[in-house]
Amino acid sequence: MKNPEVANILAHMALYLHMDDVPFKPQAYERAATAVESLSQDVEELYKTEGLKGLEKIPGVGKGIAERIEEHLKTGKVQDYEAYRKKYPIDLDELSLVEGLGPKSIKELYEKLKVRDLKGLEQAAKGGQIRKLPHFGEKSEQNILQAIEFVKRSQGRWLLGAIYPYVEELILTFQHSKLVKQAVAAGSIRRMKETVGDVDMLVTTKTPEKVIEFFLSYVKYDKLWGRGPTKVSVHTLRGFNIDVRVLPEEVFGAGLQYFTGSKEHNVKLRTLALQKGYKLSEYGLFKGEKRVACETEEEIYKVLGMQYIEPELREDTGEIEAALRLAPLAQGLPALIPYGSLQGDLQIQTNWTDGNNSIEEMAREAKKQGLSYIAITDHTKDLAMTGGSDEKKLLRQMKEIDRINSTQSSDWVARSDDRAKFRILKGAEVNIRKDGTLDIEDEALAKLDVVGAAVHSNFKMSKNDMTERIMRAMRNPHVDILFHPTGRSMPKRDSYDIDIDAIIQEAKQTGTVLEVNAQPRRLDLKDIHIKKAVEAGVKMVINSDAHSTEHLRFLNFGIAQARRGWAQKADVVNTLPLDKFLQMLKDKRNHA
DNA sequence: GCCGTTTTCGGCCCGACTGTTTTCAGTCG
């Protein structure tokens, strides 16, 4: 899968062109980069089967960019790109992570201060050199230092969403090799943590040596950390480490339990085992010398006298006590919201604003993935760069949605079962202004089925002001959902400062639904917030925030996040069928 | 460099905010 590296080159090209003040081309490259990045199909496959014409089918990729992708696939290099790399020998990956630093500043810092990477940037800032540059000052220097700190905190971690497709591919490759009986990713990937440090693969096989050999021939790596008869560890060209461990089949459950973690969960579990007269290790649960459980995780938890604990919960945040039914968690673990249980998706952008696909394309794909309704929620007018809708454009879009809803019967929803009655809802992602008012008139909002409100600017407000601002928007009776409530965007931007408890209380008061945004960069609410919302009885909705058909698959990451927050099906309103979902929204509007 | 119910050339890229300034460039959504 070469999509990430191709997308990376295109994104870098966009930055270089920005640096040289080339008009229009940067946007073109940016658009192509996002399209390639979110493509589920492998560009290399696409090129092999359909050639240049296939590449040009990617939205935003025309002749010029297609030829550069071809050049990369054929030779591993792109001449234009190499020329720029020579002209600006800087670490764009690092520097572009710094919030507030754009291509022009990066260029200036390189040319005046020879800043090439994060380390150089930090030195220049700490040495007080940056404030001396024109258009920079003391404040800019401080902001840069702050942004560097945030980048540093997230370094060495990878977004689950970025690594997951690769891991799935690796597992399939193992399975197709016929060399392994089982292949599973353990560790933080299995726990579906929002970021992961490395990949822990566990396999069972009769031929460990062969499996390790096979793995090394398949994976592209630049460092072999170690290789033994049952374990191999490499640093891949993608930048993360993969460990592959071969486990004897009869202790697979114990190994899986051990390597899934978290460390905190395991420490407590082992202590518990000791108290009960057992010993727990990666080789099994022992009573004296006798191995009493090891083949499956289920039996280990069972012998310890507890409910089975789903991997997403294993963080030692009360799950062990609950599994033991200890007070105050005597009711035991919650039945987590199952994967695949969503019926709708209430945040979808289209090519009416900054999305890649048409309303109809998004709807068709959503239906294909088993959903029965979606809401189209394009940006509104304050987000001018996206071509955000004003009241007039919203009306036009509503008409178009009516048209598609009424014409779809004969064509793509011809099946007779209930699931086939696919429905596109009219919505918007309205902007919450600095003062908490919205950028669309109430009269227009009243005509929409679903109104999501979100903060997109003025992130640096005081906690109090930001909380007040958002709560004011929530009090608008037309606002159904608060989109991405904390506003973070990993790895670049931290949440803005808000009082999440106050927001949850306000949601309870007003009946506003809180979003669990499933974009791998956002995953917002966070798991700990979800848990609070669950405890407060506040309803949530899991949305893909899809900007292209490929993004609809993000919903699973949102479900994982909800599961990590102990949410059950009843806590998430888009598990409801359409009529019940709409009724719920109506209740809020009437209630307010 | 891409795109097309303004269609093969000529648009596309607006507006608020920040930090630097005193009229503006850069960044972000």
Side-chain angles (χ1 to χ4, degrees), chain A residues 9-11 13-36 52 55-69 78 80-81 95-109 130-147 349 351-358 360 377-390 393 396 399-400 403 429-435 437 439 453-461 483-484 487-489 492-493 496 517 519 521-522 545 547:
Chain A
I9 291 173
L10 297 176
M13 277 302 288
L15 287 172
Y16 286 135
L17 290 161
H18 264 304
M19 286 161 74
D20 279 1
D21 244 340
V22 180
F24 302 115
K25 292 187 189 185
Q27 288 78 3
Y29 273 94
E30 258 161 40
R31 183 154 181 246
T34 347
V36 171
L52 270 179
L55 296 178
E56 284 183 50
K57 276 194 208 155
I58 303 169
V61 175
K63 197 159 170 284
I65 291 181
E67 280 171 2
R68 286 175 174 84
I69 297 176
V78 181
D80 288 1
Y81 178 57
L95 291 178
S96 57
L97 280 181
V98 181
E99 173 87 349
L101 267 201
K104 298 291 167 65
S105 309
I106 290 177
K107 180 183 179 184
E108 183 77 0
L109 288 165
I130 292 178
R131 69 180 74 181
K132 293 179 197 151
L133 296 180
H135 302 295
F136 289 85
E138 217 165 310
K139 194 76 188 276
S140 318
E141 203 171 74
Q142 284 313 309
N143 284 342
I144 286 173
L145 280 171
Q146 232 175 38
Q349 269 71 239
N351 57 9
W352 281 64
T353 58
D354 62 347
N356 278 340
N357 297 89
S358 67
E360 192 163 344
T377 54
D378 277 301
H379 287 294
T380 47
K381 61 187 172 199
D382 279 0
L383 273 71
M385 175 238 186
T386 67
S389 303
D390 56 12
K393 189 169 172 184
R396 284 213 314 280
K399 261 192 189 163
E400 170 69 0
R403 187 191 68 77
E429 177 178 9
V430 299
N431 187 40
I432 302 176
R433 292 180 158 151
K434 196 171 182 176
D435 62 358
T437 59
D439 67 338
V455 168
H456 295 101
S457 56
N458 299 98
F459 297 127
K460 289 182 181 174
M461 283 170 81
F483 282 168
H484 45 77
R488 70 168 169 174
S489 180
K492 208 166 172 177
R493 192 179 67 230
Y496 30 74
N517 189 299
Q519 285 275 339
R521 282 170 212 286
R522 289 196 181 271
D545 196 359
H547 285 63

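Quick note on labels: first sequence line is chain A, next is B, and so on, each numbered from 1. Being a predicted model, the structure only gives us computed values, none of them experimental.
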Short question: side chain of [X], backbone of [Y] - any donor-acceptor pair under 3.5 Å?
X      : Y      : answer
A:D439 : A:K381 : yes
A:K393 : A:W352 : yes
A:D545 : A:Q519 : no
A:E141 : A:I130 : yes
A:R493 : A:E99  : no

Between [N] ([atom2]) and [X] ([atom1]): distance, integer Å:
X      : N      : atom1 : atom2 : answer
A:M13  : B:dG1  : CE    : P     : 8 Å
A:I65  : B:dG1  : CD1   : P     : 8 Å
A:L383 : B:dC17 : CG    : P     : 12 Å
A:H379 : B:dG15 : NE2   : C1'   : 15 Å
A:R521 : B:dG29 : CZ    : C1'   : 14 Å
A:H484 : B:dG29 : NE2   : P     : 10 Å
A:E30  : B:dG29 : CD    : C1'   : 12 Å
A:E67  : B:dG1  : CD    : P     : 10 Å

Between [N] and [M], how many Å separate the two [atom1] atoms, rounded to a whole number?
N      : M      : atom1 : value
B:dT8  : B:dG1  : C1'   : 14 Å
B:dT21 : B:dG26 : P     : 13 Å
B:dC12 : B:dT6  : P     : 14 Å
B:dG10 : B:dG15 : P     : 25 Å
B:dT18 : B:dT23 : C1'   : 15 Å
B:dT20 : B:dC28 : P     : 16 Å
B:dC13 : B:dC2  : C1'   : 14 Å

Pair of N/O donor and acceptor under 3.5 Å linking B:dC13 base with A:Q27 side chain:
yes

In 5'-to-3' order, the base (B), backbone-only (S) or no-contact (-) status of each nucleotide in nucleotides 20-28 of chain B, using a 4.0 angstrom heavy-atom cut-off, is S-----SSS

Let me spell it out: for each of A:P26 and A:Y29, pick the nucleotide of DNA chain B with the closest heavy atom. Which residue's pick is nearer the 5' end?
A:Y29

Closest-nucleotide 5' rank along DNA chain B - winner of A:R31 and A:P23
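It is A:R31 whose nearest nucleotide is closer to the 5' end.
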
So, is A:R131 close to the B:dG19 phosphate, meaning a side-chain N or O under 4.0 Å from OP1 or OP2?
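For B:dG19, OP1/OP2 do not have a side-chain N/O of A:R131 under 4.0 Å.
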
Determine the contact category for [X]: base if any of its heavy atoms lies under 4.0 Å from a base atom, sugar-phosphate if only primed atoms, P, OP1 or OP2 are that close, otherwise nothing.
X      : value
A:D354 : nothing
A:P59  : sugar-phosphate
A:N458 : sugar-phosphate
A:K460 : nothing

Name the pairing partner of B:dT8, where a pair is Watson-Crick or G-U wobble with both distances under 3.5 Å, or state none.
none

Walk me through it: do A:D20 and A:K107 pass the test side-chain contact (heavy atoms from CB on, under 4.5 Å)?
CA-CA 9 Å; A:D20 279 1; A:K107 180 183 179 184; 4.0 Å; yes

Using the side chain to side chain donor-acceptor pair (under 3.5 Å) rule, pick out the option among A:D378, A:T377, A:T380 that qualifies with A:T353.
A:D378

Just by distance, with hydrogens left out, do A:H456 and A:E429 show a side-chain donor and acceptor under 3.5 Å apart?
yes

Output yes when A:K63 and A:E67 qualify as a salt bridge under the 4.0 Å nitrogen-oxygen rule, no when they do not.
yes

